[in-house]
Amino acid sequence: MQIYNSLTRKKEEFVPVEAGKVHMYVCGPTVYNYFHIGNARPFIIFDVLRRYFESRGYDVTFVQNFTDIDDKMIQRANEEGITVSQLAERFIGEYFTDAKAMGIRPATVHPRATEHIPQIIELIQHLVDKGLAYAVNGDVYYRVRAFDHYGQLLNQSLDDLESGARVGVEDMKEDPLDFALWKAQKPGEPAWDSPWGKGRPGWHIECSAMSMAYLGETFDIHGGGKDLLFPHHTNEIAQSEGATGKPYVHYWMHNGFINIDNEKMSKSKGNFFTVRDISKEYDLETVRMFMLSAHYRSPVNFSRDLIAQAASSLQRLYGARDQLMFLQGGAADRAPNAVEQAAMDAGDAALAKFNAAMDDDLNTADAIGAMFELVREIFKLSPTGVSRDAVLHLQQRLEQMAGVLGLLTKQADELPADIRAMVDERAQARKEKNWKRSDELRDAITTAGYILEDTAAGQKVRKREL
RNA sequence: GGUGCCAUAGCCAAGCGGUAAGGCGAAGGUCUGCAAAACCUUUAUUCCCCGGUUCAAAUCCGGGUGGCACCUCCA
């Protein structure tokens, strides 16, 4: 598999540290609010990456943190009149609600910063001991100039960074670029004991401490949004490699932004949509479909119209899934004929194309194209008397692709009795050519959230998923 | 000032040197009591513009034009 590595700015062949295993870390949310659609992109992308590795037989350890202590957490908790940990508890719960609705599986581990204070302190102490960090008045800063290749991820020299750096108010720092590893307690803030007095960890250090705690000092993949390149990931490298003297991460992956009207969506601009808001209007699987329909490194615009397009596309996928179940009902236990064999071969070709696309730096857009090529073969099969082997063959391919992308997650349940009764009554009405009654029943069934279609083999009913 | 990214049909979007995937939408046809779904056909002789390299360029190089991002909390 080829992966675009932000560190080298090239696609590279993926070679795991440990054969057969993948260790990956993705920066999770700061749990002070519902997460927005921009946050959702990396969650979905890396969930797909994880699923793909698993489908290729890798044993994946996937770590995604919760940042549960920082300025925004403290501010929000104060506004709400609750403790920081109560706030965290609430929005961690909300994270899982939204994530589940988007088909994002829980990570192997979801570590929280506040539960790893000893590891964080140990790491900071190590940096201080090595002369890479220094304490001032209860704060501890990283001495950026003491680390050889600071800024490699950004492709910027220290001096270039310096010229762009804002003149800090924190003049206790030796250099404007130095960043906080530990912040001394201010009145009313939660704090933990440390060798430098009471305080709390800075943002960057938690990811270094927690990733290495669960994945080792050198691991395979670290992901996040492009805006994390600097300073967050740049600082993580400085902290981790400064402490261990070893390479921290082999492959850095960064997803592009979600834009609104071609402008970056961000908390500071206020032009963002939370996933929770969108869920009131659209099924969140549609959002997943939307995200995967473009390459993860490209910027994508978000709009109602685009979500609607994604919904239509997904509908076709569900139609194919349901068609396969329908075909099974009328399938024959015989060997595939020439036409069916051709469809099976085309299905295999589509799967091969799908895997090749995923192997090419997780090209989900191309992979979805392959999936639709399979869909076309499914719909071309004769509605009745088709070879069961052929149906099962295509079904297996579809399920495999859908499983990797995390799509088609809605179950097709048994029809409720009242719907069943209407369908049966309509069959009778149609037999009697009572079109009026027949149409009334179809309308009622539609209103109840089901899609009824007349086919050569009789009525076909399925739940409207989206 | 420094560092990058992007420009493909009405919309979205692959493509990474060998003669334009796929989806949405639209039009016509088939099937149907009607509808829906599906199937068939049509919808980019051309990939922002100008040069260059090559037998061959949407793809590589140079120069424009237009848009975006990072260097500051942010996925």
Side-chain angles (χ1 to χ4, degrees), chain A residues 6 9 11 26-30 35-46 70-72 151 153-157 159-166 168 177 203 223-232 234 254-259 262-269 272 289-290 292-301 303 305-317 319-320 322-323 326 350 353 357 360-361 363-376 378-383 430 433-436 438-439 442-443 446 451-456 460 462:
Chain A
S6 304
R9 290 173 293 281
K11 279 187 197 173
V26 172
C27 294
T30 300
F35 65 86
H36 63 64
I37 187 164
N39 297 305
R41 172 120 96 146
F43 301 157
I44 291 170
I45 295 297
F46 292 106
D70 82 335
D71 293 341
K72 287 169 301 198
L153 209 44
L154 242 204
N155 198 23
Q156 296 262 35
S157 73
D159 293 329
D160 288 338
L161 283 171
E162 190 95 43
S163 68
R166 186 182 279 177
L177 253 24
W203 174 38
K226 269 195 165 75
D227 48 353
L228 260 27
L229 246 12
F230 186 89
H232 190 53
T234 295
H254 293 92
N255 61 273
F257 294 119
I258 304 284
N259 295 147
N262 280 317
E263 285 218 334
K264 181 182 170 182
M265 167 164 65
S266 68
K267 291 174 182 176
S268 54
K269 285 185 185 165
F272 62 91
M289 182 74 186
F290 166 73
L292 298 179
S293 62
H295 188 93
Y296 76 90
R297 283 190 282 118
S298 310
V300 293
N301 251 315
S303 74
D305 182 50
L306 265 13
I307 290 291
Q309 286 190 17
S312 297
S313 298
L314 229 204
Q315 197 61 55
R316 181 166 163 83
L317 250 29
D322 293 345
Q323 177 70 3
F326 177 76
K353 182 181 166 185
D360 183 15
D361 193 31
N363 192 336
T364 54
D366 208 13
I368 287 173
M371 203 170 173
F372 278 105
E373 287 172 22
L374 173 67
V375 165
R376 196 188 311 128
I378 290 167
F379 279 125
K380 277 200 231 171
L381 290 176
S382 155
R430 294 191 74 228
K433 298 201 188 295
N434 183 349
W435 307 128
K436 184 165 177 292
S438 165
D439 290 347
R442 182 169 59 198
D443 289 346
T446 303
I451 297 167
L452 184 146
E453 293 160 10
D454 294 315
T455 74
K460 187 169 139 190
R462 62 198 167 96

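Every chain is numbered from 1 and lettered A, B, ... according to where its sequence line falls, protein lines coming before strand lines. What you see is a predicted model, and the numbers here were worked out from it, not measured in a lab.
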(request) Under 4.0 Å between any heavy atoms, over every strand shown, what does A:K264 touch: base, sugar-phosphate, or nothing? Just pick one. (result) base

(request) Mind calculating the distance between CG (A:L229) and C1' (B:A69) to the nearest angstrom? (result) 11 Å

(message) Of the options B:C39, B:G15, B:A75, whose atoms approach the side-chain atoms of A:N39 most closely?
(response) B:A75

(request) Would you indicate what A:L306 reaches in the nucleic acid, counting non-hydrogen atoms under 4.0 angstrom: base, sugar-phosphate, or nothing? (result) sugar-phosphate

(request) For B:G22 versus B:A44, give the span between their C1' atoms, rounded off to a whole number of Å. (result) 15 Å

(message) I want to verify a distance call: between B:C70, B:A75, B:A13, whose nearest atom is closest to the A:F230 side chain?
(response) B:C70

(message) Once you apply a heavy-atom cut-off of 4.0 Å, does A:G223 come out as touching a base, just sugar-phosphate, or nothing?
(response) nothing

(request) Starting from C1' on B:A69, measure out to CD1 on A:I258 and report it in whole angstrom. (result) 14 Å

(message) Just to be sure I understand the rule, does A:S438 reach a base, reach only the sugar-phosphate, or reach nothing, if contact means heavy atoms closer than 4.0 Å?
(response) base

(message) Rounding to an integer number of Å, can you tell me how far A:D361 CG sits from B:G15 P?
(response) 9 Å

(message) Looking only at the side chain of A:R376 (C-beta and beyond, no hydrogens), which of the listed nucleotides B:G2, B:C39, B:C73 gets closest?
(response) B:C39

(message) Assess whether a salt bridge exists between A:R297 and A:D361, defined as any Lys/Arg side-chain N lying under 4.0 Å from an Asp/Glu carboxylate O.
(response) yes

Output one line per pair: protein atom, nucleotide atom from nucleotides 24-28 of chain B, and distance, for all N/O pairs under 3.5 Å.
none

(message) Restricting to non-hydrogen atoms, name the atom on A:S6 and the atom on A:L229 that form the minimum distance, rounded to 0.1 Å.
(response) CB-CD1, 4.2 Å

(request) Ignoring the backbone of A:E453, work out which of B:C11, B:A13, B:A36 is nearest its side chain. (result) B:A36

(request) Measure from the side-chain heavy atoms of A:R430 and tell me the nearest of B:C39, B:A75, B:G33. (result) B:G33

(request) Report which part of the nucleic acid A:G319 touches: base, sugar-phosphate, or nothing (heavy-atom distance under 4.0 Å, all strands). (result) nothing

(request) Assign A:F43 to base, sugar-phosphate, or nothing according to its heavy-atom contacts below 4.0 angstrom with the strands shown. (result) nothing

(request) Could you measure between the two P atoms, the one in B:G23 and the one in B:U65, and give it in whole Å? (result) 38 Å

(message) Please classify the nucleic acid contact of A:H295 as base, sugar-phosphate, or nothing, using heavy-atom distances under 4.0 Å.
(response) sugar-phosphate

(message) Under 4.0 Å, heavy atoms only, any strand: does A:K460 hit a base, just the sugar-phosphate, or nothing?
(response) nothing

(message) Looking at B:G4, I'd like to know if its phosphate oxygens (OP1 or OP2) sit under 4.0 Å from a side-chain N or O belonging to A:K226.
(response) no

(message) For a quick check of understanding: with a heavy-atom distance under 4.0 Å over all strands, which category does A:I45 fall into, base, sugar-phosphate or nothing?
(response) nothing

(message) What I want to check is whether an N or O donor and acceptor connect the side chain of A:R442 with the base of B:C34 at under 3.5 Å.
(response) yes

(request) Check RNA chain B for consecutive Watson-Crick or G-U pairs with both distances under 3.5 Å and list the runs of at least three as stems. (result) B:1-7 with B:65-71, B:10-12 with B:22-24, B:25-30 with B:38-43, B:48-52 with B:60-64

(request) Between B:A38 and B:A75, how far apart are the C1' atoms? Round to whole Å, please. (result) 40 Å

(request) Tell me what A:D454 touches on the nucleic acid: a base, only sugar-phosphate, or nothing, going by heavy atoms under 4.0 Å. (result) base

(message) Distance check, C1' atoms only: B:U43 and B:G10, in whole angstrom units.
(response) 10 Å

(message) So A:E373, base contact, sugar-phosphate only, or nothing? Heavy-atom distance under 4.0 Å.
(response) sugar-phosphate

(request) With heavy atoms under 4.0 Å as the rule, sort A:D439 into base, sugar-phosphate or nothing. (result) base

(request) Could you pull out all residues at least two apart from A:D360 that satisfy salt bridge (charged side-chain N to carboxylate O under 4.0 Å, His left out)? (result) A:K11

(request) Give a yes or no on whether a salt bridge exists between A:D454 and A:R430, defined as a side-chain N under 4.0 angstrom from a carboxylate O. (result) yes

(request) Would you mind classifying the nucleic acid contact of A:M371 as base, sugar-phosphate or nothing, using non-hydrogen atoms under 4.0 angstrom? (result) nothing

